[in-house]
Amino acid sequence: MLEKAYHWLSGYVEFQVEGDGARFFTVAAKRGAAFWGFARAESKAVARVKPRSYRALRPLCKRCGVRLRVRRRGGLPFQLRRLRKRPGLLAGAALAAGLFWFLSGFVWGVEFTGCEKVPVNQLAQCAREQGVYLGAKKRELAPRSAANRILNAMPQLSWVSVNTGGCFVQVAVKEGAAKPEPEKSQELSNMVAVREGEVVHIEAQQGRPEVKLGDVVVKGQLLIAGLYQEVPDPYGPQPDRLYQVAGAARGKVLAKTYREFTVQVEDSVQETQEAGREVRLWAEIFGLRLPLGLWSRTEGETQSWREERRASLLGVELPLALEWETLVRLERRERKLTKEQMKTAALLKLREAQRTALGEGGSVLHEELSFTFAEGRCMVSARCRCQENIGEIQVVSTN
């Protein structure tokens, strides 16, 4: 193998001997000529020799009465001689090598793995802000530093690794459960009622319930005690000493309550309407965004969205993309409402007020509505029977 490589690098001439080939090879060998690749073609001897040695064989032809005929010239020197006559091939090869070197300095693919709950688009946007994106320059990419910055920017991740392989980058992540805020369960507290109501459900997670189902409680009344004393069984033996409990009260007390809500709306509303739109084109080449046009700065309120179409080859996305940005100009206009529309708007505002006041798990059991129209306004009043959690934690100070 090495011998073939050596002969190809130095070049060779394959020739055919017409005449007494045995005498010719004997005389030439005595003169120091080195032959290889012996064969026969059309009953004539064939051999190979170096180009310089072939020129020295010409004086021996007359002496030996033979005639040499070149069959083939091969090797690197002859290949380069052919290329000299075709400068376009050399220029194309040099240009291709330069282009390959230039393109190999960019990231040609980014893969995200390990995303289950975190959206891939959110992770890709965060990685782009840290310099990891399709078309980024490899020499400016710091994988370890980028991984740390992504981890700091996304607290829902517990581990991030940026791996590079050639012109491709893999962003591997591991999601972690959100750390719950530590609850101050050691603080002394009771649960008291924040409003009047009839108890319909008691759920004491910590502490001792102080009310029963059906009891009517008033504001400030103790519902679940975190600090209490043992109540002995009146029909059993009495203990010598009653133990004391001092801890936190946790739980939920649902009660039927009475509430009144009043909201009002105007007879006109401010609406945002479209006043015109404009489409802007951008070209992204290896991470560099180039505007395909000239635009002026848009004043006032606007809304925009983007669409992207990325080039691909054999199923692999390329760092070449065309982006459409649609910019919509908005203006605020006043619209008058009819009485029915005012009633609908007032009801929507009432429902929002009820949800805010009753909190999670609260509901309206029964209500009586009354509408009043005066001075361009619609007022709605509601008398409601509700069910809501009336318990509130009250910390007991030991100072």
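Of the possible donor and acceptor atoms, none in the side chain of Ser189 sits under 3.5 Å from a partner among the backbone N and O of Ala248. Remark: side-chain polar atoms of Trp108 are paired, donor with acceptor, to backbone N or O of Leu103 under 3.5 angstrom. In this structure a side-chain-to-backbone donor-acceptor pair under 3.5 Å is missing from Lys212 to Val199. At distances below 3.5 Å, at least one donor-acceptor pair connects side-chain atoms of Arg149 with backbone N or O atoms of Gln130. Side-chain atoms of Lys256 never come within 3.5 Å of backbone atoms of Arg385 as a donor-acceptor pair (strictly under, hydrogens ignored). Without hydrogens or angle criteria, Glu175 side chain to Lys117 main chain gives a donor-acceptor distance under 3.5 Å. Of the possible polar contacts, one joining the Ser158 side chain to the Lys174 backbone as a donor-acceptor pair under 3.5 Å is found.
Within 6.0 Å of atom CZ in Arg309, 12 or fewer heavy atoms from other residues, nucleotides or ligands are found, so the atom counts as exposed in its surroundings. Shown here is Lys138, whose NZ atom has more than 12 heavy atoms of other residues, nucleotides or ligands within 6.0 Å. Shown here is Arg377, whose CZ atom has no more than 12 heavy atoms of other residues, nucleotides or ligands within 6.0 Å. Open room surrounds CE on Met379; 12 or fewer heavy atoms of other groups in view lie less than 6.0 Å from it.
For the pair Leu281/Trp324, a side-chain contact is recorded, criterion being any heavy-atom separation below 4.5 Å from C-beta on. Val328 has its side chain within reach of Trp305: a pair of non-hydrogen atoms, C-beta onward, lies under 4.5 Å apart.
Aromatic ring orientation, Trp295 versus Trp282: tilted (interplanar angle from 30° to 60°).
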For Arg250 and Glu187, run salt bridge (charged side-chain N to carboxylate O under 4.0 Å, His left out): C-alpha distance rounded to whole Å, both residues' side-chain angles, the deciding distance at 0.1 Å, then the answer. CA-CA 11 Å; Arg250 295 292 185 270; Glu187 65 183 5; 3.5 Å; yes
Please assess Glu367 against Gln354 for the test side-chain hydrogen bond (donor to acceptor under 3.5 Å, both in side chains), listing each intermediate value before the final yes or no. CA-CA 11 Å; Glu367 65 180 358; Gln354 290 172 338; 3.2 Å; yes
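The nearest pair of heavy atoms linking Thr257 to Gly197 is CG2-CA, 4.2 Å.
Leu254 pairs with exactly one of Ile390, Val200, Ile202 by the side chain to side chain contact (heavy atoms under 4.5 Å, CB included) rule, that one being Val200. In summary, of the residues considered (Tyr54, Tyr12, Phe25), a ring pair (Phe, Tyr, Trp, His ring centres under 6.0 Å) with Phe35 occurs for Phe25 alone.
Qualifying side-chain hydrogen bond (donor to acceptor under 3.5 Å, both in side chains) partners for Glu140, counting only residues two or more places apart in sequence or in other chains: none. With sequence neighbours left out, Trp36 forms a ring-ring contact (aromatic ring centres under 6.0 Å, His included) with His7.
Sorted by first and then second residue, the salt bridge (Lys or Arg N to Asp or Glu O under 4.0 Å) pairs with a member in residues 126-136 read Arg128-Glu284; sequence neighbours excluded.
Remark: Glu210 CD to Met191 CE distance equals 12.5 Å, nearest 0.5 Å.
Using a cutoff of 4.0 Å between basic side-chain nitrogens and carboxylate oxygens, Arg333 and Glu271 are not scored as salt-bridged.
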